[in-house]
Amino acid sequence: MPAFDLNGKVALVTGAARGIGFETARQMHLRGASVAVVDLDAEEAREAAERIGERAIGIAGDVTDAGAMRTAVAETVERFGGLDLAMANAGLAPPSMSTMRSVSSEEWERVIEVNLLGVWHTVRAALPQVTERKGHIVVVASVAAFANGMLASSYMTSKAAVEQMGRALRTELTPFGASASVAYFGWVDTRMVQETFAQPGAGTLEKIAPAFMMKRITPAAAGAAVVKGIEERAPRIFAPRWWRYLSALRGLLNPLLDRQSERDPRIAAAIREAEQRSAGERDSAAAS
Amino acid sequence: MPLYDLNGKVALVTGAARGIGFETARQMHLRGASVAVVDIDAEEAREAAERIGPRAIGIATDVADHTAVMQAVAETVERFGGLDVVVANAGIAQKRMATVRGIGTEEWERVFEVDMLGVWRTVRAALPQIVERQGHVVVTSSVYAFVNGVFNSPYAVAKSGVESLGRALRAELMPLGASASVAYFGWVDTKLVQDAFETNGDRMQQNLPDFLSKRITPAEAGAAVVRGVEERAPRIFAPKWWRYVSALRGIINPLLDRRFESDAEMTRTVREIEAEADEQGTAAVAAVTR
């Protein structure tokens with residue numbers, strides 16, 4: 001029997017209308033859990049819940065709104081009688097590759113607000129129930145938590161922060177019989193990742209990184225990894241799994257990789273290009 | 001001669017009225033730099049600038065306020081003709097140890113805003129000058145970027161974000177001839193740390209070997225920053241041995257985190273702290289209903 005049996009449990013997943021969130025909700029439901037599918041878009045949340053089946057409800061909620069998260073939890077508790085498991089998964093990637101100098105300040109802070117404060121609001125709203133029922137929390141970080149954030153710093157910054165939240169949370173929950181996992185995904189074939197690779201400048205990454213690193217897994221595979229992690233109350237969930245080894249070696253590898261990238265002319269070119277592109281966009285915005 | 005000579009440069013340091021920020025500003029001034037002493041308290045900023053000497057000005061600024069930070073940069077540029085070095089150092093800690101569940105929402109978010117968004121807003125405001133003058137940025141992270149943030153989550157969450165920001169910033173600045181450092185301090189004998197030990201007493205020390213809780217002076221921490229700026233170092237650790245802990249973090253952290261989970265003293269402390277938070281919560285509710 002798994003350490004945490006999902007059968008009969010109640011789960012809430014944010015950003016669950018699509019991608020990894022949807023797949024995790026769907027697969028938890030297959031294990032016998034009731035699920036609250038929370039998403040920004042009411043219609044998409046409802047449709048996703050319908051596709052998952054009975055014992056699934058769609059709830060429209062913006063994770064950056066603490067009150068909306070409390071309402072989502074209250075609605076779930078009212079409908080299913082409690083809440084055992086919360087997965088703070090909703091997140092967004094920056095809409096364009098840009099440097100900290102050239103990015104719009106609002107755009108940069110919006111990513112932090114959704115990816116980090118959104119996790120905080122979700123966790124806070126769920127904690128009383130999860131603690132009481134000795135449940136489990138999954139915070140979705142990313143391998144971006146330890147990758148260099150150049151040209152997408154808001155994303156890497158937010159994910160590094162989420163990782164620290166998840167670790168502290170686990171230590172604070174264990175004495176009450178509850179637990180928490182930090183989930184780290186590499187490239188998963190979600191709409192977010194597809195859009196990221198459609199951005200100008202994204203090609204550089206594909207040229208520089210080794211091919212095995214760029215291979216994408218399916219959202220279903222990522223969801224399966226999360227479900228397994230929950231059942232094991234695992235501290236860390238890596239998908240693809242080999243990222244676990246890079247994470248273990250991060251303290252040694254990162255200084256070397258950072259140094260190498262400082263000297264890589266292709267990266268220097270990509271950074272100059274991003275700065276020029278943003279300058280061009282600003283000029284054309286000013287002209288119109 | 002150092003790689004980056006501070007003589008004749010202009011530096012802006014946030015949170016510089018006291019502690020590591022003050023010492024960094026003072027020692028950069030000794031090397032011949034002009035310094036803007038930025039602090040939330042106008043009077044303290046002015047006094048600190050006076051103590052530092054002739055090429056120092058005090059500026060009152062809340063780093064969480066975007067516009068205020070931009071004004072501080074503009075004022076510095078106006079007074080000294082430019083800006084070469086920025087040290088985004090201002091930071092706060094929560095008043096007492098608390099769990100993610102027990103801490104007040106406003107307090108958690110305020111610590112995050114000052115410690116993380118304050119660094120971002122400072123960096124943003126300074127970048128045009130720094131790039132133009134091929135200068136240097138120091139972001140003040142902490143060993144809490146990789147030490148488990150139990151009872152101290154907003155601080156650890158923010159400092160981990162700051163580390164990531166600083167690494168990306170360096171990568172983005174190097175092709176333009178500028179650079180950035182991430183500074184990691186252990187326990188430094190600052191007001192922030194003294195307050196933490198005073199409020200939380202023995203709890204701060206438990207689960208820590210003695211050598212881990214030994215404090216260095218703010219002057220030593222400031223000297224480490226100045227040396228790091230002169231070397232345009234990617235990472236500044238003070239005390240220095242934290243460098244090795246950082247290098248091994250990917251291996252050590254899972255082991256330490258696991259040990260925490262089975263540690264009886266940690267379990268008891270978590271329960272006590274949550275019980276205290278519940279009492280305070282109940283007391284607050286009682287006060288409101290009365």
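Computed over heavy atoms, backbone and side chain alike; hydrogens, waters and symmetry mates excluded. Keep in mind the model is a prediction, meaning the values are calculated, not measured. All chains are named by letter (A, B, ...) in the order of the sequence lines, taking the proteins before the strands, and each is independently numbered beginning at 1.
- Ranked by heavy-atom pairs under 4.5 Å with chain A, the list B/Leu127, B/Val245, B/Val123 is led by B/Leu127.
- We find the CZ-CG distance between B/Arg249 and A/Leu252 to be 10.0 Å, quoted to the nearest 0.5 Å.
- When all heavy atoms are compared, the tightest approach of B/Phe146 to A/Arg167 is O-NH1, 2.9 Å.
- Per-residue counts of heavy-atom pairs under 4.5 Å with chain B were compared for A/Asp264, A/Leu246, A/Leu117, A/Val103; the largest is that of A/Val103.
- Interface remark: A/Arg236 contributes side-chain atoms only to the contact with chain B (heavy atom separation under 4.5 Å).
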### Task
Just do the side-chain contact (heavy atoms from CB on, under 4.5 Å) check on B/Met174 and A/Ile267 with the steps written out, would you?
CA-CA 10 Å; B/Met174 292 296 275; A/Ile267 290 175; over 6 Å; no

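- Annotation: side chain of A/Thr157 is not in contact with side chain of B/Trp120 (no heavy-atom distance under 4.5 Å).
- Between B/His66 and A/Glu109 there is a side-chain heavy-atom pair separated by less than 4.5 Å.
- Heavy atoms closer than 4.5 Å to chain B are found in the side chain of A/Asp258, but not in its backbone.
- Residue contact with chain A, scored on non-hydrogen atoms closer than 4.5 Å, involves the side chain of B/Glu274 exclusively.
- Chosen from A/Leu116, A/Val162, A/Leu249, the residue pairing most often with chain B at heavy-atom distances under 4.5 Å is A/Leu116.
- Side chains of B/Val150 and A/Arg170 form no contact here, defined as non-hydrogen atoms less than 4.5 Å apart.
- Looking only at side-chain heavy atoms (C-beta outward), B/Thr267 and A/Phe176 stay at 4.5 Å or farther from each other.
- Between the side chain of B/Ser160 and the backbone N or O of A/Ala160, at least one donor-acceptor pair lies under 3.5 Å.
- Heavy-atom distances place no part of B/Ala178 under 4.5 Å from chain A, backbone and side chain included.
- Contact record, B/Ala156 with A/Gln164: O-CG, 3.7 Å, taken as the closest heavy-atom pair.
- The pair B/Glu172-A/Arg101 does not count as a salt bridge, with every side-chain nitrogen at least 4.0 angstrom from each carboxylate oxygen.
- Residues A/Arg124 and B/Thr105 have side chains that bring a donor and an acceptor to within less than 3.5 angstrom of each other.
- Between chain B and the residues A/Ala145, A/Ser158, A/Ala270, A/Ala147, the most heavy-atom pairs under 4.5 angstrom are made by A/Ala147.
- Residue A/Glu262 forms a salt bridge (Lys or Arg N to Asp or Glu O under 4.0 Å) with just one option from B/Arg170, B/Arg167, B/Arg232, and that option is B/Arg170.
- Minimum interatomic distance between A/Asn148 and B/Ala168 (heavy atoms only, all atoms of both residues): OD1-CA, 3.5 Å.
- B/Val100 approaches A/Val123 most closely through the heavy-atom pair CG1-CG1, 4.1 Å.
- Looking at A/Ile112, the atoms closer than 4.5 Å to chain B (heavy atoms on both sides) all sit in the side chain, from C-beta outward.
- Panel note: side chain A/Arg250, backbone B/Leu248; no donor-acceptor pair is recorded below 3.5 Å.
- Distance check: A/Ile271 CD1 to B/Leu176 CG gives 7.5 Å after rounding to the nearest 0.5 Å.
- Contact of B/Pro154 with chain A is not made at all, since no heavy-atom distance falls under 4.5 Å.
- Side-chain atoms of B/Arg124 and A/Met100, non-hydrogen and from C-beta on, never get closer than 4.5 Å to each other.
- Looking at heavy atoms from C-beta onward, B/Ser153 lies out of side-chain contact with A/Met165 at the 4.5 angstrom threshold.
- Chain A forms more heavy-atom pairs under 4.5 Å with one residue of B/Gly161, B/Ala247, B/Gly166, B/Ala171 than with any other, namely B/Ala247.
- Heavy atoms of A/Ser105 lying under 4.5 Å from chain B belong to its backbone as well as its side chain.
- Within the 4.5 angstrom heavy-atom criterion, no atom of A/Glu163 approaches chain B.
- Most heavy-atom pairs under 4.5 Å with chain B, from the set A/Arg263, A/Met156, A/Glu172: that is A/Glu172.
- Looking at B/Ser246, only its backbone comes within 4.5 Å of chain A, counting heavy atoms on both sides.
- Contact of B/Ala158 with chain A is not made at all, since no heavy-atom distance falls under 4.5 Å.
- In terms of heavy-atom pairs under 4.5 Å with chain A, the best-connected choice from B/Val131, B/Leu173, B/Leu117 is B/Val131.
- Neither the backbone nor the side chain of A/Pro265 comes within contact range of chain B, judged by heavy atoms closer than 4.5 Å.
- Between B/Arg101 and the choices A/Val130, A/Thr131, A/Leu169, A/Leu173, the side chain to side chain contact (heavy atoms under 4.5 Å, CB included) rule is met once, by A/Thr131.
- The side-chain heavy atoms of B/Met266 and A/Thr174, taken from C-beta on, include no pair separated by under 4.5 Å.
- With a 4.5 angstrom heavy-atom cutoff, B/Ile103 touches chain A via backbone and side-chain atoms both.
- Counting non-hydrogen atoms of other residues, nucleotides and ligands closer than 6.0 Å to CZ of A/Arg133 gives a total above 12.
- The shortest side-chain heavy-atom distance between A/Arg272 and B/Pro175 falls under the 4.5 Å cut-off.
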